[in-house]
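In what follows, a structure is listed as structure tokens, so that the remarks can point back to it.
All values derive from a computational prediction rather than experimental measurement.
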Amino acid sequence: MALRMWASSTANALKISCASRPHLSRCFSTVLDGFKYASSHEWVKHEGAVATVGITDHAQDHLGEVVFVDLPEAGGSVSQGSSFGAVESVKATSDVNSPISGEIVEVNTKLSEAPGLVNSSPYEEGWMIKIKPKNPSELDSLMGAKEYTKFCEEEDAAH
């Protein structure tokens with residue numbers, strides 16, 4: 001019990017939302033406050049004129065060990081809901097969709113040499129692209145941390 005209280009207070013201090021299913025005592029994935037989430041399991045963090053995009057901890061957990069990441073080149077554009085790349089794991093290959101529209105201003109080239117960063121650090125070192133948003137109001141259509149956590153719980157319960 002003391003360990004569970006410590007974990008909960010640590011998660012709160014780090015602003016991590018941890019969703020637990022009633023029949024499990026462990027957290028299913030990490031969801032960070034201050035990020036926006038798409039129903040296709042991508043995250044976006046908008047800071048200043050740039051938005052960083054990657055796949056969520058929930059998505060990487062379901063994919064398993066990521067062995068290859070296919071990303072576009074900087075300078076291109078993306079549209080909200082459209083694929084901009086793919087993630088290949090030992091289990092499957094999945095498209096990665098852009099949560100917002102805009103111009104790609106930077107690509108995480110580290111992922112070509114170390115695709116496992118998507119697993120070990122999905123919200124930090126495993127980011128995929130940085131976008132100059134075309135229409136920042138698109139962020140309003142995405143989920144916050146609490147909504148995404150609930151979405152994942154409901155999605156997992158249905159499977």
Side-chain angles (χ1 to χ4, degrees), residues 7 11 14-47 50-131 133 138-139 141-159:
L14 294 172
K15 296 185 179 177
I16 295 173
S17 173
C18 193
S20 299
R21 293 186 223 158
H23 61 285
L24 296 176
S25 61
R26 68 175 189 84
C27 177
F28 83 99
S29 64
T30 302
V31 178
L32 300 178
D33 288 330
F35 286 56
K36 292 290 199 164
Y37 300 89
S39 60
S40 53
H41 301 287
E42 292 84 16
W43 58 263
V44 61
K45 181 161 185 164
H46 188 232
E47 297 176 295
V50 177
T52 306
V53 175
I55 67 168
T56 66
D57 186 40
H58 184 75
Q60 72 76 27
D61 185 52
H62 281 273
L63 281 170
E65 180 186 350
V66 174
V67 295
F68 180 74
V69 179
D70 180 32
L71 296 174
E73 293 190 18
S77 62
V78 292
S79 297
Q80 185 179 40
S82 296
S83 174
F84 67 79
V87 176
E88 184 178 333
S89 73
V90 295
K91 292 181 182 180
T93 299
S94 297
D95 284 338
V96 183
N97 300 318
S98 183
I100 59 172
S101 303
E103 178 189 348
I104 301 168
V105 295
E106 189 177 346
V107 175
N108 188 350
T109 57
K110 289 182 192 176
L111 297 180
S112 61
E113 296 292 320
L117 290 171
V118 171
N119 296 116
S120 62
S121 183
Y123 297 113
E124 294 164 346
E125 293 181 60
W127 64 272
M128 296 182 173
I129 61 174
K130 293 189 179 186
I131 301 170
E138 288 178 337
L139 291 163
S141 67
L142 302 173
M143 293 177 270
K146 288 180 183 176
E147 293 86 7
Y148 181 68
T149 298
K150 183 178 180 191
F151 173 80
C152 291
E153 287 174 334
E154 290 171 354
E155 187 177 72
D156 285 352
H159 290 100

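With rounding to the nearest 0.5 Å, the separation of CD in Glu124 from NZ in Lys45 is 9.5 Å. Once rounded to the nearest 0.5 Å, the distance linking CD1 of Ile55 with OH of Tyr123 reads 9.5 Å. In this structure, the separation between NE2 on His58 and OH on Tyr148 is 5.5 Å, given to the nearest 0.5 Å. Rounding to the nearest 0.5 Å places CD1 of Ile104 at 7.5 Å from CZ of Phe84. A distance of 8.0 Å separates CH2 in Trp127 from CG in Leu111, rounded to the nearest 0.5 Å. Summarising the geometry, atom CD1 belonging to Ile131 is positioned 10.0 Å from atom NE2 belonging to His46; distances are rounded to the nearest 0.5 Å.
Panel note: side chain Asn119, backbone Gly64; a donor-acceptor pair is recorded below 3.5 Å. Formation of a donor-acceptor pair under 3.5 Å by the Thr149 side chain with backbone atoms of Ala145 is found in this model. No donor-acceptor distance shorter than 3.5 angstrom exists from the side chain of Gln60 to the backbone of Val66, with no hydrogens or angles considered.
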Report all side-chain donor-acceptor pairs from residues 85-99 shorter than 3.5 Å, counting only partners two or more places apart or in another chain.
{"from": "Ser89", "atom 1": "OG", "to": "Leu63", "atom 2": "O", "distance (Å)": "2.8"}
{"from": "Ser89", "atom 1": "OG", "to": "Lys91", "atom 2": "N", "distance (Å)": "3.1"}
{"from": "Ser89", "atom 1": "OG", "to": "Ala92", "atom 2": "N", "distance (Å)": "3.1"}
{"from": "Ser89", "atom 1": "OG", "to": "Ala92", "atom 2": "O", "distance (Å)": "3.1"}
{"from": "Lys91", "atom 1": "NZ", "to": "His62", "atom 2": "O", "distance (Å)": "3.4"}
{"from": "Asn97", "atom 1": "OD1", "to": "Ser83", "atom 2": "N", "distance (Å)": "3.3"}
{"from": "Ser98", "atom 1": "OG", "to": "Ile100", "atom 2": "N", "distance (Å)": "3.4"}
{"from": "Ser98", "atom 1": "OG", "to": "Ile100", "atom 2": "O", "distance (Å)": "2.4"}

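Side chains of Glu147 and Leu142 form no contact here, defined as non-hydrogen atoms less than 4.5 Å apart. Counting only heavy atoms from C-beta outward, the side chains of Val53 and Met128 never approach each other to under 4.5 Å.
Scored by the side-chain hydrogen bond (donor to acceptor under 3.5 Å, both in side chains) test, Ser141 finds Gln80 as partners (sequence neighbours excluded). Residues passing the side-chain hydrogen bond (donor to acceptor under 3.5 Å, both in side chains) test with Glu106, sequence neighbours excluded: none.
Pairing each heavy atom of Val69 with each of Pro115, the nearest pair is CG2-CB, 4.0 Å.
One side chain, Ser101 or Glu138, offers a donor N or O that lies under 3.5 Å from an acceptor on the other.
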- Item | Verdict with reasoning, Glu47 to Thr52, per side-chain hydrogen bond (donor to acceptor under 3.5 Å, both in side chains) | CA-CA 8 Å; Glu47 297 176 295; Thr52 306; 4.8 Å; no
- Criterion side chain to side chain contact (heavy atoms under 4.5 Å, CB included) on Phe151 and His41, from CA distance to verdict: CA-CA 10 Å; Phe151 173 80; His41 301 287; 3.7 Å; yes
- Item | Check against side chain to side chain contact (heavy atoms under 4.5 Å, CB included), Val105 and Lys130 | CA-CA 6 Å; Val105 295; Lys130 293 189 179 186; 4.0 Å; yes
